[in-house]
Amino acid sequence: MTTVAVPPGRSDVARLADPPPPPRRLVRRLLRPVVLLLVNLVLLSALVFFGAEVLPGNIGRLLLGRTADQQSVDVLNRELGADRPLVERYLSFMGDLLQGDLGTSLALRQPNSELLGAALLNSLKLAALAFAIVVPLALVGGVVAALRRDTWVDRTIIGVGVALTVLPEFVTGLIAILVLSLGLKLFPVTATPPPGSGALTQIYYLVMPAIPLVVVLFGYLAKLARAGTVTALDSDYHRTAVLKGLPGRVVVSRHVLRNALLPTISVLGTQAGYLIGGLVVVEILFNYRGVGSLIFTAAQAKDIPLLEVGVLTVGVAYMLLTALSDVVAGLLDPRVRVR
Amino acid sequence: MPRRSGSRRLDGVRSQVGAAEGHVIDELLAGRLGRREFLRRATVLGMSIPLAGGVLAACAGEVPGESPGPAAGPQQAGGTLRNAVNAPTAAIDPTTVADNGGLVTMCQVGEYLSYTDSSPELRPVLAERWAPDDTGRVWTFDIRQGVRFHNGAPLTVADVVATFERLADPANGSNALSVFSGVLSAGATRAQGDTQVVFELDKPTVNFPYLVSSQNYNSMILPASYDPAQFTVDMMGTGPFRFESYTPGVGAAFVANPDYWDPTRPPFLERIELKYYSDMQPQILALQGGEVDVVSGISFSSGRGLLADPNFTALYVPSSYTRHLSMRTDQAPFDDARVRRALALALDRPAALRALLDDKGELGNDSPFAPSQATTDTTVPQRALDLAQARQLLADAGYADGFDATIAAPRTVDIPDLAVTIQNAARDIGMRIELNIMAPNDYYGDATFGASPWLDSQLSLVDYGHRSVPDVVANAALRSDGVWNAAHYRSPQYDALFDEYSSQLDVTRQKEAVGAMQRLLLEDTPIIVPYFLNWLGATANGVQGVNLNPTGQLDLSRASIA
Amino acid sequence: MTPLAPAVRPPRPVGLVVGGVILGIWVVCAIGGELLVPDPYATDSFATLAPPSAEHWLGTDRLGRDVFARAVTGARSILLVAPAATLIGTLIGTALGLVTGYFAGAVDDVVSRLVSVVLSLPVVIVALLALVALGPSSLTVIGVIGFIFSAPIARTVRAAVRVEREKDYVEAARLRREPALAILFVEILPNVLGPVLTEATVRLGYAVFFIATLSFLGFGIQPPSPDWGLAIYENYTLLRASAWPVIVPAVAIASLVVSVHLVAEGLVRRGER
């Protein structure tokens with residue numbers, strides 16, 4: 001078995017995906033993943049709900065502080081419905097969810113959908129920027145490594161890239177802050193741009209938090225790009241192209257790059273899942289209001305409703321993106337489709 | 001100034017004031033009252049600062065000035081001041097606010113009957129003056145006329161009555177209930193004519209004006225029509241700044257109020273921006289990165305690099321903000337006062353103050369009475385490091401070989417570091433202390449006995465916020481029936497002294513009672529109070545007049561930028 | 001599975017050697033601890049955040065504690081907690097994988113479904129929730145990380161067992177009417193140890209990563225431990241006043257995770273050859 005450096009947090013979903021369904025009737029084949037997804041979602045919601053509800057703590061006391069009068073605490077608990085039985089709360093939680101009502105944050109007393117929507121958008125912006133930086137970088141790195149296969153260039157790009165992959169985000173983030181923000185004063189240290197900033201300003205503010213994500217992803221993607229390129233270079237198809245007398249540069253750009261791109265795209269789905277959920281550290285370090293920091297603050301404040309829908313959203317996004325990337329990989333790669 | 005002419009001027013003042021105030025003036029004249037204490041007492045009793053200052057001037061020939069933040073040179077008008085603020089952890093509703101972010105936000109628009117910060121004096125704001133009856137049970141406040149809310153509606157006595165009724169009614173779950181409990185009940189506030197509000201208290205309360213001042217930060221005066229759900233939409237107040245915008249989790253903005261009622265204190269700033277941060281660290285980095293101009297309420301441990309940085313102006317405000325190490329006086333081995341004293345003697349307080357706070361604070365003397373509070377007896381000897389005596393005490397108590405113990409502490413600001421310091425100190429006398437550092441929420445638990453590591457642990461560290469007068473903490477943390485008595489201290493002697501203190505109108509006897517409590521607590525040592533912290537903040541150079549209030553407000557009414 | 005890296009000539013085990021040396025140094029530090037360096041808990045109120053000097057080689061932290069001494073002794077907590085968590089994860093995961101792989105049907109369905117649900121959440125978030133509920137301590141960190149890691153290990157083992165199950169020696173054991181447990185642990189287990197060990201080595205690297213991250217978030221190892229992640233959590237606002245108390249543990253974490261990774265990859269490569 002080949003070990004591929006898998007960025008932590010994204011786990012092994014791709015590798016551990018369910019075995020492909022036997023080629024029976026088409027309806028059944030299409031239905032099975034959908035049913036499984038639904039079962040997973042229900043299980044996830046129960047797991048998240050009961051997991052979050054066992055968090056100790058008296059929510060009223062928590063909101064009012066330790067010096068508050070017991071009477072005020074009781075009033076608030078009643079008002080928030082925190083004194084109802086657990087199963088009753090789960091059922092009403094699910095009922096509301098199915099009707100599209102994500103509930104209200106206990107601590108902030110705002111609709112969860114608003115809080116979550118804004119946070120998701122922020123996380124997606126950050127993820128998009130990280131991808132926009134890392135994909136071209138990793139493609140170039142991987143292709144160069146493949147073209148200089150087994151030389152020091154190859155070993156340096158892949159070796160250093162993979163070694164950087166295992167560094168925790170807060171370590172790379174801190175070093176980036178130290179060097180780029182405090183030392184060279186190139187970038188701001190917080191990631192939230194002033195309200196009403198244009199796209200360029202937003203990107204400028206997001207470069208710093210994107211760096212740790214780029215570092216984590218680079219080695220993994222570069223290795224995939226290298227592998228794809230190597231396969232393409234070794235293929236008959238490439239040999240034919242060279243024999244046809246096409247210049248090397250054209251061969252690389254036309255055929256090899258396309259082949260290197262395929263596996264890279266197919267894993268983007270699972271990587272995006274990681275990015276949306278695993279941003280906790282980066283978002284906290286850079287004070288960025290994304291889903292990760294939303295979940296972190298909700299967990300600290302024991303804001304159960306917000307915590308539940310936040311974690312649920314991450315799980316759902318993860319599952320959907322995994323399914324999506326499987327489909328995309330299938331469409332892109334004829335071999336997968338045949339299988 | 002010759003004493004005689006001063007006395008004659010005082011006679012004039014005496015004729016303007018009531019019996020209680022006259023009593024205070026007599027105390028001053030008799031030399032039993034310091035200048036600072038006189039000012040505090042006089043303002044509590046409703047004498048205006050100019051009037052009280054006049055009394056002092058008559059006696060000593062000086063008039064006390066106001067003490068806003070550092071103001072060097074003339075201040076310029078205009079500009080936008082950007083402030084880093086903790087993100088509010090709950091909906092902003094002045095009635096229930098219990099977190100710093102919410103408080104800093106709402107205090108930009110609102111005002112109180114009176115204002116107090118690090119100095120114990122009360123500055124009249126929406127109340128022009130106030131006075132008690134002869135017993136101190138019924139208080140009458142004259143509400144300032146001509147004040148308008150930001151929507152143009154005039155401030156009326158009905159608004160003031162509604163504000164306090166809202167706070168005192170248990171059904172609203174207000175955060176002020178613990179302050180008003182046993183003092184101000186629902187239905188006890190009423191209007192008297194068009195200009196006066198009368199509070200009929202449950203019992204005589206000499207320090208009542210503090211309970212309706214900015215010290216009780218929930219008591220911001222709101223319109224009678226106030227709706228909690230609307231506050232973040234319009235933030236209606238009477239202050240020098242008006243609401244402009246609020247985005248949850250991101251920030252808020254305010255603009256100068258051109259119609260502010262006090263022509264002597266117009267705001268310098270054109271606009272205020274608050275930027276919310278979920279943590280202290282990013283706030284400090286933001287100031288260093290030039291993204292904000294002010295950070296406030298920072299902990300020394302997180303702000304230390306900043307405070308030493310010449311590119312910024314550090315603000316230090318003395319306060320009674322403190323830490324208590326409570327020792328369970330009802331459980332071995334800390335049921336023996338010698339063991340408790342031994343631990344207190346093992347602690348090198350100046351070193352702790354230097355290492356943890358870089359001396360930005362004052363030494364504690366194992367009682368809740370802070371040097372910055374006016375009734376504290378500063379002649380009580382300061383407890384100092386004495387390892388020999390500590391070891392001797394332990395040996396006398398039968399613990400020559402030491403013992404094992406555990407400190408429970410919340411993971412917040414300097415407290416974990418203080419726990420480590422106490423752990424090291426205990427090691428020097430053979431006490432082996434383990435630390436149990438917990439998330440603050442878990443640590444406070446239900447904040448009731450039997451359901452709170454804070455109140456139930458053998459040794460527990462806790463923080464107490466700033467208070468101008470010691471009443472609340474001295475009562476709740478140490479009286480036998482105190483609701484925060486984590487030491488489980490039961491001393492009829494202390495209870496009696498406290499009751500004497502809190503019921504005395506006579507200042508000298510009040511101060512005597514405090515001195516006796518301080519000595520008793522040194523002897524019994526149910527708590528170790530290592531230090532009182534300064535309230536800290538920092539501004540970019542060129543920012544002037546930022547008034548940090550140890551109660552938690554950030555007063556920008558006199559702030560300006562260069 | 002398509003090999004992602006083509007067969008190349010055996011690389012010199014440079015990574016394994018370098019990783020092994022760095023890891024070895026940290027293991028020595030973890031074992032030697034206080035014997036090697038000055039007291040890592042001793043505070044000095046006159047020398048807080050001091051720069052490096054003859055007395056304090058890498059300066060002091062905010063309480064005046066020796067940064068070098070804390071970096072050296074800080075290796076212990078993570079080198080205890082990470083392998084312990086990995087071990088627990090491997091034990092639980094292997095047991096789960098054996099059972100679910102061998103007995104197809106309801107047990108397999110339920111467990112596999114739960115595993116895939118757990119895997120659909122990022123590790124940091126699951127760990128964070130569990131630690132908020134259980135209260136952070138070294139023991140809970142070990143338990144939580146171990147539990148989370150058991151899921152992917154179970155998947156790997158399950159897949160390997162499914163292959164083994166169909167082989168003749170298992171069939172023979174079944175015909176001999178050996179009890180199922182004996183078949184699982186005596187017959188099958190030795191044959192799937194390869195993937196188990198591979199997976200465990202890779203997991204160890206992640207364990208270091210996650211535990212350091214949890215400490216950095218304040219939900220891992222607790223004060224006054226000289227743990228590296230905790231040291232960064234405690235000192236990172238002081239970057240401007242003195243970067244030493246942050247940089248030193250950051251470099252220590254970086255060197256440890258990279259060395260564990262190099263050793264793991266080196267071992268896996270050797271195993272493949």
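Reminder, nothing fancy here: chain letters follow the sequence lines and each chain counts from 1. None of the values given here were measured: they were computed from a predicted structure.
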S.K.: Who among Ile175(A), Leu285(A), Leu164(A) has the most heavy-atom pairs with chain C under 4.5 Å?
M.R.: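 Highest number of pairs under 4.5 Å: Leu285(A).
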
S.K.: Does any part of the side chain of Val162(A), heavy atoms only, come nearer than 4.5 Å to the side chain of His261(C), both counted from C-beta?
M.R.: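 Counting from C-beta outward, His261(C) and Val162(A) do come under 4.5 Å.
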
S.K.: Go through the atoms of Val251(C) and report whether side chain, backbone, both or neither lie under 4.5 Å from a heavy atom of chain A.
M.R.: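 Neither; nothing under 4.5 Å.
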
S.K.: Can you name the nearest heavy-atom pair linking Val281(A) to Phe216(C), along with the distance?
M.R.: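 What the structure gives for the nearest pair is CG1-CE2, 4.0 Å.
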
S.K.: Where on Val316(A) is there a heavy atom nearer than 4.5 Å to chain C: the side chain, the backbone, both, or neither?
M.R.: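 For Val316(A), no heavy atom lies under 4.5 Å from chain C.
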
S.K.: Let me know which of Leu256(C), Val257(C), Leu262(C) forms a side chain to side chain contact (heavy atoms under 4.5 Å, CB included) with Val166(A).
M.R.: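 When Leu256(C), Val257(C), Leu262(C) are each tested with Val166(A), the side chain to side chain contact (heavy atoms under 4.5 Å, CB included) holds only for Val257(C).
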
S.K.: Of the backbone (N, CA, C, O) and the side chain (C-beta and beyond), which part of Leu47(A) lies under 4.5 Å from a heavy atom of chain C, both, or neither?
M.R.: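 Answer is side chain: those atoms of Leu47(A) sit under 4.5 Å from chain C.
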
S.K.: Under 6.0 Å from the CZ atom of Phe103(C), do we count more than 12 heavy atoms belonging to anything else shown?
M.R.: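 Result for CZ/Phe103(C): enclosed.
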
S.K.: To the nearest 0.5 Å, tell me how far Arg113(C) CZ sits from Asn40(A) CG.
M.R.: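 Rounded to the nearest 0.5 Å, the CZ-CG separation comes to 5.0 Å.
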
S.K.: In terms of heavy-atom proximity below 4.5 Å to chain A, should Ile232(C) be classed as side chain, backbone, both, or neither?
M.R.: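 Side chain of Ile232(C) only, per the 4.5 Å heavy-atom cut-off to chain A.
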
S.K.: For residues Phe170(A) and Thr213(C), report the shortest heavy-atom separation together with the two atoms involved.
M.R.: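 The answer is CE2-CA, 3.5 Å.
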
S.K.: Quick one: what part of Ile247(C) sits under 4.5 Å from any heavy atom of chain A, side chain, backbone, both or neither?
M.R.: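 The side chain, not the backbone.
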
S.K.: Over all heavy atoms of both residues, which pair between Ala163(A) and Val258(C) is shortest? Give the atoms and the distance, please.
M.R.: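 Smallest heavy-atom distance, with atoms named: O-CG2, 3.7 Å.
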
S.K.: Walk me through whether Ile253(C) and Leu167(A) qualify under side-chain contact (heavy atoms from CB on, under 4.5 Å).
M.R.: CA-CA 8 Å; Ile253(C) 291 173; Leu167(A) 288 181; over 6 Å; no

S.K.: Is it the backbone or the side chain of Leu128(C) that comes under 4.5 Å from a heavy atom of chain A, or both, or neither?
M.R.: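 For Leu128(C), side-chain heavy atoms alone lie under 4.5 Å from chain A.
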
S.K.: Do you know which two heavy atoms are closest between Val171(A) and Ala250(C), and how far apart they sit?
M.R.: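 That closest heavy-atom pairing would be CG1-O, 3.9 Å.
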
S.K.: Given a strict heavy-atom distance threshold of 4.5 Å, which part of Leu44(A) is in contact with chain C: side chain, backbone, both, or neither?
M.R.: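 For Leu44(A), heavy atoms of backbone and side chain both lie under 4.5 Å from chain C.
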
